[in-house]
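These numbers were taken from a predicted model, which means no experiment stands behind them. When a ligand or atom number is given, it counts from 1 through the structure's own listing order.
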Amino acid sequence: MCDFCVQHGEGKKWYLQAKNYGEDLLSDASRRQFIRDFFSNPEELAQAGRQLDRLSKAPAFVRSVMRAAITRRMKKWHFGQVVPLEEVGEIFEFVNSIVRVPCICRHISLGQEARYCYGVSMGPGGGRFGELLRGLDDSFLAGADLSGLEALSTEQALENLGEHEKEGLCHTVWTFKAPFIAGICNCDRSDCMAMKATVTHDVPVMFRAEYVAEVSPDACTGCRACMRVCQFGALAFSATQRKAFVDPLACYGCGVCRSACTHDAITLRPRAEVPLAANRW
Ligand code: SF4
Ligand code: SF4
């Protein structure tokens, strides 16, 4: 289990603990301020992206010190974890409100509104988190074309997430000052700041999922469709066996490759059962 399961999950998966979505956590004034600042100041996030680019050119020692410092800070304020679709469904069963909002990363990287993020909350109508976001309407994403918060039923939200999965996007949960969770995003390597930080720059700001993918050689036809959707380069192809296989050291356990496989050849195994990956977060 990851650090957060130990610290915030009482021995279970921390993101499946309803208390970590609780309205009471929003009573914390510093958390509310962090959320306001986060959504109303995309330039700060853009600047962090530029700093990461510069850091990649720094000497190895500087990179290693900075990497540890950034991860430590992010774990306190805004950290994520990859979560497979079925567990997002479990989260949607106990939250009372799901609203779709524009993605701040796509706003920065593409300069346009793209609604790939979902605010989740325990209060009806978005609860106190929804109130906070509505209060930011004027400045939210620096004036992106915001047609209000888009409230969704559980079924609508799950359908959307299924579509995002077909697009090859990886589902992630996000804290706003740990352990409070209020966001579910759908990420890719090209536009998502967290994926770039974690995977491209090796500065982790999210955990891998609690799972690792596995290909059944008997069911695999070697069509390679799964390889085209893996954001992490974790699937490879054996030319001699004519089968795909997973590199457990590279796999983030998102499960997105399963959607691409029409032969049901891919399953997710608990990370703890895969010795090579068990302690790799
Ligand atoms: S998509 Fe499925 S059948 Fe095709 S290579 Fe990948 S695991 Fe094998
Ligand atoms: S191989 Fe692993 S990282 Fe790649 S899509 Fe499948 S589950 Fe995700």
Side-chain angles (χ1 to χ4, degrees), residues 1-2 4-5 13 15-16 71 79-91 103 105 116-118 158 160-174 184-281:
M1 292 204 149
C2 70
F4 276 18
C5 290
K13 290 170 191 153
Y15 53 82
L16 294 180
T71 297
F79 208 78
Q81 183 161 20
V82 175
V83 179
L85 184 60
E86 53 269 44
E87 290 191 338
V88 176
E90 286 183 48
I91 294 167
C103 168
C105 291
Y116 282 115
C117 297
Y118 296 76
L158 266 180
N160 287 1
L161 269 282
E163 291 301 315
H164 300 329
E165 177 138 329
K166 284 187 201 144
E167 291 177 78
L169 302 182
C170 164
H171 319 296
T172 49
V173 292
W174 289 94
I184 293 176
C185 298
N186 294 277
C187 306
D188 59 33
R189 285 283 289 279
S190 62
D191 305 322
C192 171
M193 305 282 284
M195 294 263 279
K196 281 190 204 169
T198 303
V199 189
T200 310
H201 296 290
D202 193 25
V203 177
V205 298
M206 60 184 199
F207 295 117
R208 295 166 188 235
E210 295 282 340
Y211 304 94
V212 176
E214 187 175 67
V215 174
S216 157
D218 292 341
C220 177
T221 62
C223 70
R224 307 192 198 194
C226 52
M227 295 169 68
R228 289 193 280 275
V229 299
C230 180
Q231 302 267 354
F232 304 95
L235 278 150
F237 184 73
S238 163
T240 42
Q241 296 176 53
R242 313 301 298 169
K243 310 277 181 195
F245 66 93
V246 175
D247 174 359
L249 293 175
C251 179
Y252 272 63
C254 64
V256 169
C257 48
R258 295 174 303 175
S259 302
C261 181
T262 51
H263 301 279
D264 287 335
I266 307 178
T267 48
L268 290 181
R269 279 185 71 189
R271 185 166 288 273
E273 293 177 5
V274 183
L276 267 180
N279 295 314
R280 196 167 171 83
W281 297 104

Checklist line | Check ion pair Arg269-Glu214 (N to O, under 4.0 angstrom) | finding: yes
Next item on the list: Decide whether a cation-pi geometry holds between Arg224 and Phe237; the criteria are a distance under 6.0 Å from NZ or CZ to the six-membered ring centre and an angle within 45° of the ring axis.
Entry: yes
Notebook entry, point to check: Counting heavy atoms only, which part of His263 comes closer than 4.0 Å to ligand 1: side chain, backbone, both or neither?
Noted result: side chain
Next item on the list: Identify the protein heavy atom lying closest to atom 8 (Fe) of ligand 2, giving its residue, its atom name and the separation to 0.1 Å.
Entry: Cys254 SG, 2.3 Å
Check: If you take all heavy atoms of Tyr15 and Val83, which pair is closest and at what distance?
Finding: CE1-CG1, 3.9 Å
Notebook entry, point to check: Cut-off 3.5 Å, side chains only: do Gln81 and Tyr252 have a donor facing an acceptor?
Noted result: no
Next item on the list: If you have a sec, work out which protein heavy atom is nearest atom 4 (Fe) of ligand 2 and how many Å separate them, to one decimal?
Entry: Cys230 SG, 2.3 Å
Item checked: For Cys261, atoms of ligand 1 separated by under 4.0 Å from a heavy atom -> 1 (S), 2 (Fe), 3 (S), 7 (S)
Next item on the list: Using a strict cut-off of 4.0 Å, indicate which atoms of ligand 1 neighbour a heavy atom of Arg224.
Entry: 4 (Fe), 5 (S)
Notebook entry, point to check: Below 2.8 Å, any N, O or S contact between Cys251 and atom 2 (Fe) of ligand 2?
Noted result: yes
Next item on the list: Give the atoms of ligand 2, by number and element, whose distance to some non-hydrogen atom of Tyr252 is under 4.0 Å.
Entry: 2 (Fe), 3 (S)
Check: Where is the nearest protein heavy atom to atom 7 (S) of ligand 2: which residue, which atom, and how far?
Finding: Gly255 N, 3.1 Å
Note to self: Please list the nearest protein heavy atom to atom 3 (S) of ligand 1 with its residue and the distance rounded to 0.1 Å.
What the structure shows: Thr221 N, 3.3 Å
Next item on the list: Indicate the ring-plane relationship of Phe207 and Phe4, choosing parallel, tilted or perpendicular according to the 30° and 60° boundaries.
Entry: perpendicular
Check: Does the pair Tyr116 and Asp188 meet the rule for a side chain to side chain contact (heavy atoms under 4.5 Å, CB included), with working shown?
Finding: CA-CA 11 Å; Tyr116 282 115; Asp188 59 33; over 6 Å; no
Notebook entry, point to check: Is ligand 1 under 4.0 Å from a heavy atom in the side chain of Ile266, in the backbone, in both, or in neither?
Noted result: side chain
Next item on the list: Verify whether one side chain among Tyr211 and Glu87 offers a donor that lies under 3.5 Å from an acceptor in the other.
Entry: yes
Next item on the list: Heavy-atom contacts with Gly253 under 4.0 Å: which atoms of ligand 2 show up? List them by number with element.
Entry: 2 (Fe), 3 (S), 7 (S)
Check: How long is the gap from CH2 on Trp174 to SG on Cys187, to the nearest 0.5 Å?
Finding: 6.5 Å
Next item on the list: List every atom of ligand 2 that sits less than 4.0 Å from any heavy atom of Leu235, numbering the atoms from 1 in the order shown and giving each element.
Entry: 1 (S)
Checklist line | ligand 1 atoms in contact with Cys226 (distance to a heavy atom under 4.0 Å) | finding: 1 (S), 5 (S), 6 (Fe), 7 (S)
Notebook entry, point to check: So how far is it from Asp191 CG to Cys105 SG, rounded to the nearest 0.5 Å?
Noted result: 8.5 Å
Checklist line | Residue, atom name and distance, where the atom is the protein heavy atom closest to atom 6 (Fe) of ligand 2 | finding: Cys257 SG, 2.3 Å
Notebook entry, point to check: Are side-chain N/O atoms of His164 and Tyr118 paired as donor and acceptor at under 3.5 Å?
Noted result: yes
Margin query: So that I can check it, does any N, O or S atom in Cys220 come closer than 2.8 Å to atom 2 (Fe) of ligand 1?
Written below: no
